[in-house]
Structures are given as structure tokens and as C-alpha cells.
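Chain A is the first sequence line, chain B the second, and so forth, proteins listed ahead of strands; every chain is numbered from 1.
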2 protein chains.
Amino acid sequence: MTERRDLAAMLHPLVKALIAAEIRALEPHGISMWAYVVLSALDDGPVRTQAALAEAVGADKTRIIGTLDRLQEAGLITREPDPGDRRARLLAITDAGRRRRRAAQADIQEGEELLLATLSPGDRAAFLRVAETLANNVGP
Amino acid sequence: MTERRDLAAMLHPLVKALIAAEIRALEPHGISMWAYVVLSALDDGPVRTQAALAEAVGADKTRIIGTLDRLQEAGLITREPDPGDRRARLLAITDAGRRRRRAAQADIQEGEELLLATLSPGDRAAFLRVAETLANNVGP
DNA sequence: CATTTCGATAAGCATGCGCCTATCATCTAC
DNA sequence: GTAGATGATAGGCGCATGCTTATCGAAATG
């Protein structure tokens with residue numbers, strides 16, 4: 001009935017190319033993929049535990065420790081013990097971190113625009129809308 | 001200006017979920033991801049060298065050897081020395097391979113339809129069309 | 001208070017992959 | 001022919017990742 005290729009077969013190369021471009025765009029800003037993902041997550045609001053952050057960004061909780069160390073050292077995030085429960089660390093982005101994240105995001109989206117520019121305005125809007133919808137459908 | 005999340009951030013989780021679902025769908029058919037990708041590539045037409053196949057499926061040429069071994073052993077592909085250049089191996093899918101691939105693809109797409117079913121017909125069509133377009137834009 | 005639970009951290013192990021090298025057979029060019 | 005290029009294959013190295021365990025400080029529970 002359906003005459004089409006598999007979704008994964010179409011989207012996987014696309015995502016690989018997007019990620020490669022993203023890594024290239026991130027390099028001048030001196031932050032890694034994971035660092036950027038963490039900054040983005042914290043830009044949406046602070047997080048009470050590192051486990052929650054790891055869960056939110058889809059990473060192993062033992063994996064992001066080094067990333068947090070480097071971000072903190074660079075002054076892009078703060079990581080203070082929760083006064084209410086001193087086992088937990090309150091994670092928040094700093095103003096410098098926010099600026100860094102916004103600048104990096106601008107470069108990333110600039111690159112993505114080159115791809116999207118080939119689409120008709122209608123297709124472009126529909127694609128972004130659907131991508132957002134589907135991403136939310138599988139995530140939570 | 002552009003008020004949206006990064007494309008990669010939206011599509012990556014989606015692709016991960018699609019691939020996980022694909023692996024699950026493939027299991028009853030007794031073939032791996034790479035085997036399915038190889039079968040799909042050969043279903044579109046035979047290939048003269050393994051290096052060309054590896055290139056086509058985006059894999060390392062030393063990585064697919066084991067996959068080809070198993071596919072050949074299972075009778076799903078043929079791998080014969082090219083009479084014209086006996087260094088090269090002519091790769092082709094067998095009828096059994098084609099049946100296996102078609103059956104697996106049907107299961108995979110059935111799962112994908114569950115996701116796409118939440119979309120309006122217009123959005124669904126636009127999304128598939130754009131995904132195909134973008135995949136072709138980054139691939140070659 | 002003593003036991004148990006929980007969060008962060010470090011360390012170890014297995015996996016899968018990209019990359020690089022070596023080997024062997026074959027083909028091509030001179 | 002002889003030298004160099006090409007294809008398949010095997011093996012090893014390094015990296016990133018997921019998963020598991022151990023430790024330690026701090027809470028919570030009884």
C-alpha cells in the first residue's frame with residue numbers, strides 16, 4: 001500500500017549531517033555537543049538534581065559529570081548544594097552561559113537555514129511543525 | 001528572528017525512537033539493522049563491489065564483511081567473483097532475501113504508521129516529501 | 001541512634017564503530 | 001614480465017557509550 005522508503009532510512013542520514021554541522025558550528029564557541037545540550041536544557045530553567053538533568057537530555061547520569069565540571073569551571077553554569085537537601089546539586093545557567101548558548105544556537109540555526117531554504121514556505125513550516133510534534137510524541 | 005528549537009534536537013530523539021522500533025521489528029525476522037540496510041540496498045539493484053555497497057549504505061567497508069557472510073550463509077544474498085575481474089565480488093539479493101526484506105519492511109512501516117497516524121493527511125504528506133528531499137540533499 | 005535510602009562520583013567492563021595497517025590475490029601499465 | 005594499483009579480508013587501536021558496581025556524604029525512617 002504505502003510506497004515509500006523507511007522513515008529511519010531517510011531521517012538518519014539527515015540527522016547525522018545535521019549533527020556533523022552542529023559540531024562544526026560549536027567548535028568556535030569552545031563547547032562540546034553535550035555541553036551545548038546541557039546549556040540548552042538549563043536555559044529553559046534550573047534543575048534540582050544531576051540525575052534529572054541527565055534524564056532530561058537523554059544521557060547517562062555518570063556521563064555528564066565531566067561535562068558539568070568543565071561548564072562550571074568555565075563559569076557557564078553554577079552547581080551548588082541544595083540547602084534543603086545537601087545531597088542534591090542545584091544546577092543553573094549563568095548569564096555568560098546564556099550568552100554563549102544563544103550565540104552558538106544562532107550559528108547552528110544559520111546553518112540549518114541553508115538546508116531549509118530549499119523548501120517552499122509551506123513545506124518548511126509544515127516540516128518544522130511535524131518534527132516538533134513527533135519529537136514530543138516519542139520523547140515523554 | 002527564528003523562534004524554534006534546533007532541528008537536530010528535535011529529530012535526533014525521533015530517529016533514536018524509530019531505530020529502536022526498527023530493531024524490535026527486525027528481531028522476529030532474524031536479521032540485524034545492517035543486514036536489513038544491505039538487503040534494502042541490494043533490492044534496488046545488484047552491486048559490483050563490496051566497497052561500493054559499503055559506500056552506498058554509509059558503513060565502513062571492513063564492517064559489513066561479517067554481515068555479508070551471514071546473509072550469504074542464510075541464502076539471502078549471493079556473493080560471486082566477478083568473471084571479468086575476479087578481485088571483485090558481484091553482490092545480489094536472492095528471491096528469499098527479497099521476500100525477507102519485503103516482510104521486514106512491512107512490519108517496520110506498520111510501526112511507523114502509528115506515529116504518522118497522528119498527523120493530518122496534509123502534514124503527513126508534506127513531512128514525508130520534505131524528509132525525502134532533505135535526505136537526498138545531504139546524502140550525495 | 002541505627003539502618004536504610006538516595007545523590008554524586010569514580011572506576012570497570014563490554015559493545016559498536018571509525019580508522020589505519022598488513023596480507024593476499026588479481027588486474028593494469030609499462 | 002615486472003611494478004604498481006585495486007579489492008577483499010583480518011586484526012588492532014582508540015573513542016564514545018551504556019551498564020554495573022563501589023564509595024561516601026547526607027537524609028529519612030524506624
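In plain terms, the two heavy atoms of A/Gly58 and A/Trp34 that are nearest each other are O-CH2, 4.2 Å.
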Which protein N or O atoms sit under 3.5 Å from an N or O of nucleotides 1-4 of chain D?
none

Using a cut-off of under 3.5 Å, enumerate the N/O to N/O pairs linking the protein to nucleotides 26-30 of chain C.
| residue | atom | partner | partner atom | Å |
| --- | --- | --- | --- | --- |
| C/dC27 | OP1 | B/Arg86 | N | 3.0 |

Using a cut-off of under 3.5 Å, enumerate the N/O to N/O pairs linking the protein to nucleotides 17-20 of chain D.
| residue | atom | partner | partner atom | Å |
| --- | --- | --- | --- | --- |
| D/dT17 | OP1 | A/Trp34 | NE1 | 3.0 |

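Of the residues in residues 46-56 of chain B, those placing a heavy atom less than 4.0 Å from an atom of DNA chain D are B/Thr49, B/Gln50, B/Ala51, in numerical order. Less than 4.0 Å separates DNA chain D from no heavy atom of any residue of residues 68-76 of chain B.
B/Arg70 pairs by the side-chain hydrogen bond (donor to acceptor under 3.5 Å, both in side chains) definition with nothing, not counting sequence neighbours. Residues passing the salt bridge (charged side-chain N to carboxylate O under 4.0 Å, His left out) test with A/Glu110, sequence neighbours excluded: none. Listed by chain and number, the residues in a side chain to side chain contact (heavy atoms under 4.5 Å, CB included) with B/Ala125 amount to none (sequence neighbours excluded).
The CE-C1' distance, from B/Met33 to C/dT15, rounds to 16 Å in whole Å. Protein atom CG of B/Leu91 is 13 Å distant from nucleotide atom P of D/dG7, rounded to whole Å. Rounding to whole angstrom units, CD1 of residue A/Ile65 and P of D/dA16 are separated by 17 Å. Atom pair B/His12:NE2 and D/dA16:C1' shows a separation of 13 Å (rounding to whole Å applied).
A heavy-atom distance below 4.5 Å is found between the side chains of A/Gln105 and B/Asp6. Put simply, the side chain of B/Glu113 reaches to within 4.5 Å of the side chain of B/Arg124, judged on heavy atoms. In this structure, the side chains of A/Phe127 and B/Asp123 stay at 4.5 Å or more apart for every pair of heavy atoms. With contacts defined as side-chain heavy-atom distances shorter than 4.5 Å, the pair B/Leu119/B/Leu116 qualifies.
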Less than 3.5 Å apart, which donor and acceptor atoms pair up between the side chains of residues 59-69 of chain B and the rest of the protein, not counting sequence neighbours?
| residue | atom | partner | partner atom | Å |
| --- | --- | --- | --- | --- |
| B/Asp60 | OD1 | B/Thr62 | N | 2.8 |
| B/Asp60 | OD1 | B/Thr62 | OG1 | 2.8 |
| B/Asp69 | OD1 | B/Arg79 | NH2 | 2.3 |

Scan the side chains in residues 85-98 of chain B for donor-acceptor partners under 3.5 Å anywhere in the protein, sequence neighbours excluded, and list what turns up.
| residue | atom | partner | partner atom | Å |
| --- | --- | --- | --- | --- |
| B/Asp85 | OD1 | B/Arg87 | N | 3.1 |
| B/Asp85 | OD1 | B/Arg87 | NE | 3.1 |
| B/Asp85 | OD2 | B/Arg87 | NH2 | 2.9 |
| B/Thr94 | OG1 | B/Gly75 | O | 2.7 |
| B/Thr94 | OG1 | B/Leu76 | O | 3.1 |
| B/Thr94 | OG1 | B/Ala96 | N | 3.4 |
| B/Thr94 | OG1 | B/Gly97 | N | 3.0 |
| B/Arg98 | NH1 | B/Asp43 | OD1 | 2.9 |

List the atom pairs, donor and acceptor, that lie under 3.5 Å between side-chain atoms in residues 7-33 of chain A and the rest of the protein, sequence neighbours left out.
| residue | atom | partner | partner atom | Å |
| --- | --- | --- | --- | --- |
| A/His29 | NE2 | A/Asp107 | OD2 | 2.8 |
| A/Ser32 | OG | A/Ala35 | N | 3.1 |

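One distance of note links CZ of A/Arg99 with CG of A/Leu39; it measures 12.5 Å at 0.5 Å rounding. Remark: B/Leu71 CG to B/Leu42 CG distance equals 8.5 Å, nearest 0.5 Å.
Screening residues 44-54 of chain B for salt bridge (Lys or Arg N to Asp or Glu O under 4.0 Å), with sequence neighbours left out, gives B/Arg48-B/Asp82.
Of the possible donor and acceptor atoms, one in the side chain of A/Gln109 sits under 3.5 Å from a partner among the backbone N and O of B/Arg4.
Distances shown here put every side-chain N or O of B/Arg79 at or beyond 4.0 Å from the OP1 or OP2 atom of D/dA8.
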